[in-house]
Amino acid sequence: MLENTARNKRYIVGSVLVLAGVVGVVWSVWLPWYNGRDGRFYALGSVFDGISDTRAQLFGSIFLPFAFAALVAVYGMLARSRVLVVLAALLVLFITALWMLRQSQLVGGLKVNTDGTGLDVGTANAVIGAALMLIGVVVWGKQRRRPVTAEGTTTEAHRRVVSTTDKPRRPGEAESPARPPGEAEPPADRPEEPPRAA
């Protein structure tokens, strides 16, 4: 009982972190990424082919993979699937890292300046959001399942041992062994009748 309560608390805390990461990732495209240029203005194709000065449409920008990653993370959270949440976070980190590589090739190196030029808060939001999603998965902890037999029932170690007969056992009497499925119950022992007088 206490273990289930603790597990539920970890799931709630981890889910809050995952949701916070999802919000941070999606919101990052509306924030400046480099030299005041918002992330939604970077075309998705330019992340692979090279960044240009052309402004992209919303669903043709890096918003598209980020929105997809957000949906996968939310579904994974509801389904309690650690794999889906981790994959969503890795997708965000991959797109962000690839964008940083292309931007570095364009300007000859990434910089962070105090005057607002260089790397900006949008990039940080994307990285921090993905990190929060991974932390949320860690907070969930390992999922523990009871071993299950081929028939779908719990094993003997998790079942209460019940006597195979209806009659109570006498003190010191050993429990009768379990019978294989389908085997008929042996007839009960009857007291011997005394011999009849001739």
Side-chain angles (χ1 to χ4, degrees), residues 6-145:
R7 188 180 298 113
N8 290 334
K9 288 182 179 179
R10 289 196 303 268
Y11 172 72
I12 293 174
V13 175
S15 298
V16 171
L17 292 174
V18 172
L19 286 178
V22 168
V23 172
V25 166
V26 175
W27 182 244
S28 68
V29 299
W30 272 271
L31 298 175
W33 278 50
Y34 198 87
N35 286 344
R37 185 178 180 182
D38 291 355
R40 57 195 171 99
F41 295 143
Y42 289 96
L44 180 59
S46 66
V47 176
F48 299 93
D49 303 330
I51 296 176
S52 63
D53 295 333
T54 305
R55 288 193 173 189
Q57 299 294 328
L58 179 62
F59 288 98
S61 68
I62 58 177
F63 168 77
L64 185 61
F66 281 13
F68 176 75
L71 292 176
V72 172
V74 171
Y75 178 79
M77 181 196 67
L78 296 177
R80 301 195 178 191
S81 173
R82 293 161 175 77
V83 175
L84 291 179
V85 178
V86 170
L87 289 178
L90 292 179
L91 175 61
V92 174
L93 292 176
F94 171 74
I95 295 296
T96 305
L98 193 58
W99 172 88
M100 294 176 69
L101 175 63
R102 298 304 183 190
Q103 186 67 39
S104 176
Q105 293 174 347
L106 179 65
V107 299
L110 299 176
K111 299 178 181 179
V112 179
N113 300 322
T114 57
D115 58 356
T117 59
L119 286 176
D120 218 321
V121 292
T123 311
N125 267 38
V127 175
I128 294 175
L132 287 176
M133 292 160 63
L134 295 176
I135 294 174
V137 173
V138 174
V139 172
W140 282 350
K142 295 182 179 180
Q143 186 176 3
R144 299 176 60 184
R145 297 180 179 178

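This chain uses plain numbering: 1 for the first residue, then up along the sequence. The structure presented is a predicted model; accordingly, all values stated were derived computationally and were not measured.
The main-chain N or O of Trp33 is found under 3.5 Å from a side-chain atom of Thr123 such that the two form a donor-acceptor pair.
Taking Tyr11 as the reference, Trp140 meet the ring-ring contact (aromatic ring centres under 6.0 Å, His included) condition, with sequence neighbours excluded. A search for side-chain contact (heavy atoms from CB on, under 4.5 Å) contacts involving Ser46 returns Ala43, Ile51, not counting sequence neighbours. Scanning for side-chain contact (heavy atoms from CB on, under 4.5 Å) contacts around Val13 gives Val139, with sequence neighbours left out. Residues that satisfy the side-chain contact (heavy atoms from CB on, under 4.5 Å) test with Val138, not counting sequence neighbours, are absent from this structure.
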| query | side-chain contact (heavy atoms from CB on, under 4.5 Å) between Leu134 and Val86: does it pass, once the steps are laid out? | reply | CA-CA 6 Å; Leu134 295 176; Val86 170; 4.2 Å; yes
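In this structure, CD1 on Ile128 lies 14.0 Å from CE on Met133, to the nearest 0.5 angstrom. With values rounded to the nearest 0.5 angstrom, Leu119 atom CG is found 6.0 Å from Tyr34 atom OH.
Listed by first and then second residue, the side-chain hydrogen bond (donor to acceptor under 3.5 Å, both in side chains) pairs involving residues 96-106 are Arg102-Gln105 (not counting sequence neighbours).
Residues Asp38 and Pro32 approach most closely at OD1-N, 3.4 Å, considering heavy atoms. The minimum heavy-atom distance between Ala126 and Val25, with the atom names listed, is O-CG2, 3.9 Å.
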Using atom types as modelled, flag every donor-acceptor pair under 3.5 Å from a side chain in residues 52-78 to any protein atom, sequence neighbours excluded.
residue: Ser61; atom: OG; partner: Arg40; partner atom: O; Å: 3.4
residue: Ser61; atom: OG; partner: Leu58; partner atom: O; Å: 2.6
residue: Ser61; atom: OG; partner: Phe63; partner atom: N; Å: 3.2

